[in-house]
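Contents: one structure, followed by commentary.
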Amino acid sequence: MSPADAPSAPPPPRPADLPLSALYEQLAPVTRRATFTNWGLSYTCTPLAVFEPATEAQCALVLELARREGRTVRVAGVGHSPSDLACTTDFMLRTERLDRVIEVDREKLLVTAQAGIVLSTLHTALAAHGLAMRNLGSISDQTLGGVVTTATHGSGAAFPVLSMDVRALVLLTAAGARVRCSRTEHADLFMASVCGLGCTGLILEVTLQVERAFRLREVQESRSFEEVVGRLDEVAQAAEHVRLWWFPQADVIRVSSADRTSEPKNAVGTWLWHSLVGFHVLQLFLFVGRYVPSFNLFIGRFMAWLVRDRTVTVDDSHRVFNIDCKYPQYTTEWAIPHARAAPALRALRTWLAREFADPAGLRPHSSIEIRFSAPDDIWLSPGEGQRTVWIGLVQFKPYGLPVPYRALFAHFETLMLQHGGRPHWAKTHPLGPDALRALYPRFGDFVRVLEEADPRGVFRNPYVRRHIFGEGGAENGARVFKAYP
């Protein structure tokens, strides 16, 4: 018998055809019990099981096991989201081993990669082909899938959220189907998934628009609050990528303005801020401020002093886009319509001045970050339909220890809502479906797609059930995964 006449090997059995014991046996090498803690050390959960698949076939087995056992599956990457977005007590599927670059098209400026690839790894792969992502957020420690599903943003008045650079996705649905979607193919599923909070399906592949590799020339300088906010639109459009750090304790704004350049590299930083000495000195100050709240005013002024000098840096794009976030942190961030941003910032300034004047007032110890983005049309993107100014507040956790933040954030969030704010999906916020429906015109379409794509709620966790479906109960509470009540 010739090789051509030999019978072909039978296809492997479908997950649905395997006995339960075989599912457990095949998943055993990628299964473990583990506690999950997010990057900010602010939420912790103990899933029933944590799966770390390395192949799409193993992902399908996880979904089949969840179906048989009536469990949910929460997809998580590196856990960078500073909320309980990734937390669950059922099955958790970690995507970090699904990290291959599948295809690079230098002519069309497209890259297709598995969703579990970390951005820093993707930068290296793109650089080998003379390519780079068009824009980035503050760090590159997230997975590509995590960036997409939360509509992560960078800064630049002409640059929308990063999900707008996605050209296609491949999903594994709750039913186990492998589905490719784009703006022209399964368009509703695509528009829901590019800011889908991980609940439209497991993102297997992302096809991303990129550009030729480039360097950025960044100028940083400190200005007064009035000098910046008084002409905020002019400042925002003075360079391709502008971002601000406002130190309300010193009434100073650090302005970063970056443009593409052909100049040679010249990486420059403020020595103390970027040094190991500065890292430890500042963390010690934050630790003292944990016990002596009034000291936090000095800390903010000290931070503003550390970065007071004008600096000019030229470096590869991702090295300029990314910053040193220093320490674990609590954080909240809101997207404000551009026309209402200056009044929002003035309202924040007035409120904080009252707090600083009160011996028992609230004491933020860091800067308030301000970034800009162009309008987009993604259903659940905070930038949908509007020029956006992002205003974010953090409270650092020195040595990983908790610090007061809840009252501070509650006042901040109230002011943001009064100025039309929409929450950053990866970060904590108090809004339920009624409030979200009023903020997002396509919220109803998003919920419809979820119910069609996942009627059993396989991909839902307490975060999704609480914010998107309005489900109550202690098991869906905002602090169910908090180590400190």
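Scope of the values below: all heavy atoms of this structure, side chains included, with no hydrogens, waters or symmetry mates. Numbering of residues begins at 1 and proceeds along the displayed sequence.
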Ignoring hydrogens, what is the shortest heavy-atom contact between Leu119 and Met133? Give both atom names and the distance.
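So the two residues come closest at CD2-SD, 4.1 Å.
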Taking Asp188 as the fixed residue, which of Arg183, Arg442, Arg448 is the one that meets the salt bridge (charged side-chain N to carboxylate O under 4.0 Å, His left out) rule?
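Of all the options given, the one that passes is Arg448.
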Check whether the ring centres of [X] and [Y] lie less than 6.0 Å apart, and answer yes or no.
X	Y	result
Phe51	Phe91	yes
His411	Trp351	yes
His186	Phe190	no
Phe481	Tyr43	no
Trp425	Tyr440	yes

Do the side chains of [Y] and [X] get nearer than 4.5 Å, heavy atoms only?
X	Y	answer
Phe412	Pro364	no
Leu204	Leu169	no
Leu126	Val111	yes
Trp246	Ser367	no

Salt bridge (charged side-chain N to carboxylate O under 4.0 Å, His left out) for Glu56 and Arg178? Distances and angles first, verdict last.
CA-CA 9 Å; Glu56 290 186 16; Arg178 191 180 193 274; 2.8 Å; yes
Which word best sums up how the rings of Tyr405 and Tyr330 line up, parallel for under 30°, tilted for 30 to 60°, or perpendicular for over 60°?
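Because their plane-to-plane angle is under 30°, the rings of Tyr405 and Tyr330 count as parallel.
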If you draw the axis of the six-membered ring of Phe372, does the NZ or CZ of Arg243 fall within 45° of it and under 6.0 Å from the ring centre?
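Here Arg243 fails the 6.0 Å and 45° test against Phe372.
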Pairing of [X] and [Y] as salt bridge, 4.0 angstrom limit:
X	Y	value
Glu52	Arg32	yes
Arg100	Glu205	no
Asp233	Arg387	yes
Glu384	Arg422	yes
Asp84	Arg479	no

Backbone N/O of Ala54 and side chain of Gln58: donor-acceptor pair under 3.5 Å
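Yes; judged by distance alone, with no hydrogens or angles, the pair exists.
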Arg290 side-chain N/O to Pro402 backbone N/O, donor-acceptor pair under 3.5 Å:
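Checking the backbone N and O of Pro402 against the side chain of Arg290, a donor-acceptor pair under 3.5 Å is found.
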Sequence neighbours excluded - side chain to side chain donor-acceptor pair (under 3.5 Å) pairs with any residue from residues 141-160
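For residues 141-160, and leaving out neighbouring residues, the side chain to side chain donor-acceptor pair (under 3.5 Å) pairs sorted by first residue read Thr150-Thr152, His153-Glu333.
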Flag if over 12 foreign heavy atoms under 6.0 Å of CD, Glu25:
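Counting other residues, nucleotides and ligands, CD of Glu25 stays at 12 neighbours or fewer.
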What residues form a salt bridge (Lys or Arg N to Asp or Glu O under 4.0 Å) with Glu240, not counting sequence neighbours?
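Here the qualifying residues are Arg260.
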